[in-house]
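This report refers to the structure that appears directly beneath it.
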Amino acid sequence: MKVGDKQLFLGMTSDISRKKAVERQKEERFIARLTRSNEELKKARVEAEAAVVAKSEFLANMTHELRTPLNSVVGFAGLLAKSSDLNAKNRRFAEIITSSSQALLALVNDILDISSLDADAVRLHPVVFSLPKLVEDVVASVSLMADEKNLQLKIEKGAAVGEAHFGDPVRLHQVLLNLVNNAVKFTSEGGVVVAISAAEPPGSDQHLRIAVRDTGIGISPEQVKSIFQRFTQADSSIHSRYGGTGLGLAISQRLVELMGGEIGVDSVEGEGTTVWVELTLPCEDARALADEDRADILQAAGSSSRVLVVDDVDLNRDLVAALLAPQGYVVSEATGGAEAIEAVKTGNYDIVLMDVQMPEVDGLQATRAIRAMDGFADLPIIAMTAQALASQWETCREAGMNDHLPKPITPVTLMAMMSKWTDGAPRVDDDNSGALDKLGGSSA
Ligand code: ADP
């Protein structure tokens, strides 16, 4: 290499290494910036997650505060509306209070649900259940509304659908009730069909499709796109004409996703809508249902089980007692945890219904104390709580409680729980008018 060439070469290499150094510096600055923004993102995410949890806890507490008084309003208004000593006008007032308070309660429940789903606090509780029976129950609960509108209401069951599946019937009921309720609500002529089908024969996993078809107002293609978003209704006239909050489908979608399934809509405006759910559930042998059937609240009759109702709020105790006594249960009451522990020692109870939040000795402490006593390991203790978050039920279970009765307590949920945990379950009596009289003249 000539001298000139060598200098040129050296000059070029130092140029290259300068450039490289500059590139490296740029790269390092870039990486430092990236690391910084990554950390900021992480921090923001942690903050956002904490905010969601705080919001969900706030809402859970708020809904508890709202549900406790609503519990009494719904329960007593229902009893009052059935009382025999009301004149027509006052009965109408009681019915309006009942339906308005139930609507308010549905809204409070929806808000609690969506905030629990947001906080990932909803857990499924899979058990063996009958899907055909669940669909029948859902359809039965909207049949009155369908009758009033002169609509046909039909179930179509594919031959392959098994009798016993393993899944969360409470949440599936919630989803299907919302879909069937919407179908009836948005249909004024024709009817609603709930079609269930399975892709495989019963025996192992079944890929199930549950389609709710109506001949109602339909949804435009534009509106279909956003129908699963929360607080979304097809158009602004819907709320004034049909009411509702626009939360039902958002909750349904989240629940179906939690079950590993899919939900979708096919609709033609002016002709009708099909909302379908597809999910895969293990299909059990029908014999597995036997236990469940034994607990069927409508079949068994008569009970003289001894029940201890523990609640610091007089009205709550009175309501439970008023519902149980006419069914033959022998009801005693305790106003707090300490009193409950003493009562259990001598009362020979078959079951304890225990409020969780009480001053001084709360339901959890009382349960732990009872479990620590000799001979009370198997006494059914049922938590009564308005806080429906999964983690709260976990705490109850850890304290030794057997099951959980969400407030507000309704005759059906209460009787179902009683028949599940005591022998010889009573019949569910539609007419609870007698119950109110036992409260000592509150019907006057
Ligand atoms: P809500 O019924 O409480 O308003 P949803 O989330 O269940 O809330 O439904 C959202 C909207 O979707 C409804 O307001 C309505 O506009 C539309 N929609 C749902 N189901 C149907 C249906 N079967 N037919 C027509 N429109 C429906």
Side-chain angles (χ1 to χ4, degrees), residues 59 63 66 70 99-118 122 135 138-139 141-156 170-196 209-259 261-278:
L59 276 169
T63 30
L66 287 167
L70 259 176
S99 62
S100 307
S101 53
Q102 278 167 348
L104 185 55
L105 187 63
L107 173 65
V108 168
N109 284 339
D110 277 358
I111 293 176
L112 178 65
D113 268 346
I114 204 87
S115 64
S116 305
L117 283 161
D118 280 349
V122 175
V135 171
V138 169
V139 167
S141 53
V142 296
S143 60
L144 201 66
M145 184 168 51
D147 279 352
E148 278 169 5
K149 298 178 81 177
N150 237 337
L151 298 176
Q152 298 252 14
L153 204 50
K154 219 173 84 184
I155 299 173
E156 284 174 8
V170 175
R171 292 303 189 175
L172 190 57
H173 187 279
Q174 183 181 356
V175 170
L176 297 183
L177 183 62
N178 179 42
L179 305 189
V180 178
N181 204 41
N182 275 349
V184 173
K185 187 161 101 174
F186 295 109
T187 303
S188 55
E189 254 174 66
V192 175
V193 176
V194 185
I196 44 177
R209 181 182 164 94
I210 308 157
V212 182
R213 267 191 336 254
D214 67 55
T215 53
I217 60 172
I219 311 166
S220 74
E222 201 43 47
Q223 290 155 349
V224 161
K225 285 185 202 147
S226 58
I227 216 75
F228 288 106
Q229 279 164 22
R230 61 190 60 179
F231 297 112
T232 300
Q233 299 189 309
D235 63 63
S236 51
S237 72
I238 292 282
H239 185 75
S240 51
R241 277 168 58 206
Y242 299 97
T245 56
L247 276 174
L249 284 178
I251 293 171
S252 299
Q253 186 184 42
R254 297 288 303 273
L255 288 174
V256 171
E257 281 169 2
L258 203 63
M259 297 174 192
E262 230 186 296
I263 186 169
V265 184
D266 304 311
S267 187
V268 178
E269 228 177 338
E271 288 187 16
T273 303
T274 300
V275 186
W276 51 264
V277 170
E278 288 185 359

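Counting begins at 1 with the first residue of the sequence. No experiment lies behind these values; they were computed from the predicted model shown. Order of listing sets the numbers, starting from 1, for every ligand and every atom in it.
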So if I count the atoms of ligand 1 from 1 in the order they appear, which ones are less than 4.0 Å from some heavy atom of Ile227? 11 (C), 12 (O), 17 (C)
Say whether, by atom type as modelled, one donor and one acceptor occur between the side chain of Lys149 and the main chain of Lys185 under 3.5 angstrom. yes
Measuring from non-hydrogen atoms of Lys185 to any atom of ligand 1, is the shortest distance under 4.0 Å? yes
Between Ser220 and Gln223, do the side chains contain an N or O donor and an N or O acceptor separated by less than 3.5 Å? yes
Got a donor-acceptor contact below 3.5 angstrom from the Thr273 side chain to the Arg213 backbone? no
Surrounding CD of Glu156 (heavy atoms of other residues, nucleotides or ligands, distance under 6.0 Å), is the total greater than 12? yes
A student comparing Ile251, Thr273, Thr274, Asn178 should find that the heavy atom closest to atom 24 (N) of ligand 1 comes from Thr273
Polar proximity ligand 1 side, Ile219 side, N/O cut 3.5 Å exclusive: no
Contacting atoms of ligand 1, where contact means under 4.0 angstrom from a heavy atom of Leu247: 6 (O), 8 (O)
Hey, does the side chain of Ser141 reach the backbone of Val138 with a donor-acceptor pair shorter than 3.5 angstrom? yes
Under 4.0 Å from ligand 1, counting heavy atoms only, is it the side chain of Asp214, its backbone, both or neither? side chain
Return a yes/no value for Gly246: is any of its N or O atoms, backbone included, closer than 3.5 angstrom to an N or O of ligand 1? yes
Any donor-acceptor pair under 3.5 Å linking the side chain of Thr215 with the backbone of Glu189? yes
